[in-house]
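All remarks here apply to the structure that follows.
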Amino acid sequence: MEGFTINIEKKQFQNDLVNWFHEEKRDLPWRRTADPYQIWISEIMLQQTRVDTVIPYYKRFVERFPTLRDLANADEEILLKQWEGLGYYSRARNLQAGVKEVAEKYGGKVPDSRKEISALKGVGPYTAGAVLSIAYGLPEHAVDGNVMRVLSRILLIDEDIAKPKTRKVFEEAVTELISHEDPSAFNQGLMELGALICTPTSPKCLLCPVREHCAAFHEGRQNELPVKTKAKAGKAVDYAMVAIRSGESLLMEKRPSKGLLANMWQFPMAELPASTETAEVEELLSEQFKGTVENAEKITSFKHVFSHLTWNVDGFIAEGKDLQIPENMKWVNAAEMELLPIAGPVQKMKTALKSRGDV
DNA sequence: GATACGTGGGC
DNA sequence: TGCCCAAGTAT
C-alpha cells in the first residue's frame, strides 16, 4: 500500500524535467555557489518564505557571515538583527546551533549523510535532502510543498497534504523517480516547476515541460489537486504596549528565550483589555516598576496577525521616574535601539513613535 | 499527530 | 478586507 502508482516513463520524465530546469531556471544568488554552508543558509531562509523575500536577506547574510566559522562565532544579537523581518526567528538560532556543531564535531565540514545532517538543529527531512542533493549531488528526496503539489498532480495522489504522514508517500515517490545522473536538477526542477508553472491556482499546463507525463492534466483534474484541508483560525489577544521615556532614553525588554519571538526586543507589554484607560496603564506600570509612570498617552492602535494568533495592540507613550527594572530590560537611546532585533508589532509601534518625532 | 512558530504578497 | 499562501521544523 504505497498511495501512488508510477505510470510514467521514468527516464523520459527525468530528462524532460532536468532539461527544462537547466534551460529555464531562475538566476538566484544561492545557485551561484557550491558551498554547502551557503546552500544550507538558503534552504533555512526559504522555509515557508518567498524567494523574492529571501534574496536580499541571503545576500546580506553571506556577506556578513561568509564562512561557517564566521556564523559559529557570531553574537546572537547581531545574528537576530540580520534575520529581523524574515520571521520564524528560531530558524536563525537553530541554524547557528547547527553550524556550531559542524564546526566542533565535523571540523567545519557540513556532513554528507542523511543521518548526520538530520541530527543538526533546524535540519528536518526536507532541508537534509535539499543540502545533500544540491550541495553533494546525492540522490536524496527533498519534499516540500511544491513537490507535493506537483507530484499530487502528475501521479494523481489525492491524500491530504496538510497531514504530516502524507509527506512519506511523496518521499517514496521521489526516491523511486529521482534522477541519479542529476539529483540536484531533479529536486530543484520539481520545486522550480511548482513555483513557475505548476502553481497552486491557475497552473500553466500548456507551458509545462512534463504535461505529457501528468495524469491530472490528462484527466483535466489539475485544479482539484492537491487535496489540502485548511488550518483552523487562531486566537486573538489584547495588549497594551508602552514606550516609557526617561530623558533621551526608552525602556526596552528582551523576550524569553523560548516561544514566540524568542530573544527579540520589545517595548514593555501587558495583557490588557482593548481601550484600557491611560490612568489604569500608569497605575499598573508604576506598581510593576515600583516607581512613577505618568503622562501616559495613547498614540496608536493596531492589529498584528501571526500565523497562529492575532495581537490587538494599543500603543502608549509615557514618562518614567525612579523605576526599578528587571534583568531583562534596559534603557536605550535612539542609536542603541537601532541595534536591537525587533519584530513586526514593535516595528509598528516604532513607526508610530517616529511619526511623532519621539524616536 | 496537533500545535507553535512570522511575514508580506496576491487575489 | 480577509484568506491563502511560501523551498518546514520542533515539541
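Within every chain, numbering begins at 1; the chains are lettered A, B, ... in the order of the sequence lines, protein sequences first and strands thereafter.
Side-chain contact annotation: A/E101 with A/Y106, donor-acceptor N/O pair under 3.5 Å absent. Looking only at atom types and distance, the side chain of A/D16 has a donor-acceptor partner in the side chain of A/Q12 under 3.5 Å away.
In this structure, A/I244 shares a hydrophobic cluster with A/V242, A/L251, A/L272, A/V281, A/L284, A/L285, A/F289, A/V293, A/F316, A/L323, A/I325, A/M329, A/W331, the cluster being traced through Ile, Leu, Val, Met, Phe, Trp and Tyr side chains under 4.5 angstrom apart. Grouping Ile, Leu, Val, Met, Phe, Trp and Tyr residues whose side-chain heavy atoms lie under 4.5 Å apart, directly or via other members, places A/V227 in a hydrophobic cluster with A/L156, A/L225. Taking Ile, Leu, Val, Met, Phe, Trp and Tyr as hydrophobic and joining them when side-chain heavy atoms fall under 4.5 Å apart, one finds A/I134 in a cluster with A/I39.
Looking at residues two or more places apart in sequence or on another chain, you find no side chain to side chain donor-acceptor pair (under 3.5 Å) involving A/T201. Shown here are the side chain to side chain donor-acceptor pair (under 3.5 Å) partners of A/Q188, two or more places apart in sequence or in another chain: A/R31, A/S184. Taking the side chain to side chain donor-acceptor pair (under 3.5 Å) definition, one finds that A/R91 meets it with A/T49, sequence neighbours left out. For the side chain to side chain donor-acceptor pair (under 3.5 Å) test, no residue two or more places apart in sequence or in another chain qualifies with A/E283. A search for salt bridge (Lys or Arg N to Asp or Glu O under 4.0 Å) contacts involving A/D358 returns A/R245, A/R356, not counting sequence neighbours.
Of the two residues contacting DNA chain C, namely A/A231 and A/E192, the nearest-nucleotide position lying further toward the 5' end is that of A/A231. With the nearest nucleotide of DNA chain B identified for both A/A262 and A/P164, A/P164 has the one nearer the 5' end. Of the residues near DNA chain B, A/K168 and A/G259, the one whose nearest nucleotide (by heavy atom distance) lies more toward the 5' end is A/K168.
Using a 4.0 Å heavy-atom cutoff across all strands shown, A/A343 reaches sugar-phosphate atoms only and no base atom. Residue contacts shown for A/G194 are absent, as no nucleic acid heavy atom lies under 4.0 Å away. If you check every strand for non-hydrogen atoms under 4.0 Å, A/K230 touches sugar and phosphate atoms only. A/V305 comes within 4.0 angstrom of a base, heavy atoms only.
Using a 4.0 Å cut-off on heavy atoms, the residues of residues 22-35 of chain A that approach DNA chain C are A/R26, A/L28, A/W30, A/R31, listed by number.
Listed candidates were C/dG8, B/dT7, B/dG1. Nearest to the side chain of A/F306 is B/dT7. Nearest to the side chain of A/R91, among B/dA4, B/dG6, B/dA2, sits B/dG6. Listed nucleotides: B/dC5, B/dG6, C/dC5. Nearest to the side chain of A/H308: B/dC5.
Rounding to whole angstrom units, CG of residue A/D52 and P of C/dA6 are separated by 13 Å. Computed from coordinates, the A/N263 CG to B/dC5 P distance equals 14 Å when rounded to whole Å. Between the CD atom of A/Q48 and the P atom of C/dC5 there is a distance of 11 Å, rounded to whole Å. Summarising the geometry, the separation between CD1 on A/I161 and C1' on C/dC4 is reported as 12 Å, rounded to the nearest angstrom. Rounding to whole angstrom units, NZ of residue A/K258 and C1' of B/dT3 are separated by 16 Å. Taking atom CG of A/L86 as the reference point, atom P of C/dA6 lies 17 Å away to the nearest angstrom. When rounded to the nearest whole Å, the span between CE of A/M264 and P of B/dG6 equals 8 Å. When the P atom of B/dT7 is taken as reference, atom CG of A/L80 falls 12 Å away, rounded to whole Å.
For the atom pair SG (A/C198) and CG (A/L207), the distance works out to 12.0 Å, reported to the nearest 0.5 Å.
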Listing time: all N or O pairs from protein to nucleotides 8-10 of chain B that are below 3.5 Å?
residue	atom	partner	partner atom	Å
B/dG8	N2	A/R50	NH1	2.1

Could you go through nucleotides 9-11 of chain C and list every protein N or O atom that sits under 3.5 Å from one of its N or O atoms, giving the distance for each pair?
residue	atom	partner	partner atom	Å
C/dT9	OP1	A/G124	N	2.9
C/dT9	OP1	A/G124	O	3.3
C/dT9	OP1	A/T127	N	3.0
C/dT9	OP1	A/T127	OG1	2.8
C/dT9	OP2	A/Y126	N	3.3
C/dA10	OP1	A/G122	N	2.5

Atom pairs and distances, side-chain donor-acceptor, residues 255-271 of chain A, under 3.5 Å, sequence neighbours left out:
residue	atom	partner	partner atom	Å
A/R255	NE	A/L260	O	3.0
A/R255	NH2	A/L260	O	3.0
A/N263	ND2	A/E76	OE2	2.6
A/W265	NE1	A/E77	OE1	3.2

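Taking only side-chain nitrogens and oxygens, A/R149 never comes nearer than 4.0 Å to OP1 or OP2 of C/dC5. The side chain of A/K303 places no N or O atom within less than 4.0 Å of a non-bridging phosphate oxygen (OP1 or OP2) of C/dT1.
B/dG1 and C/dT9 are spaced 14 Å apart, taking the C1' atom of each and rounding to whole Å. Look at the C1' atom in both C/dT1 and B/dG8: the space between them is 16 Å, to the nearest Å.
Taking all atoms of both residues into account, the shortest heavy-atom contact from A/P209 to A/L193 is CD-CD1, 3.6 Å.
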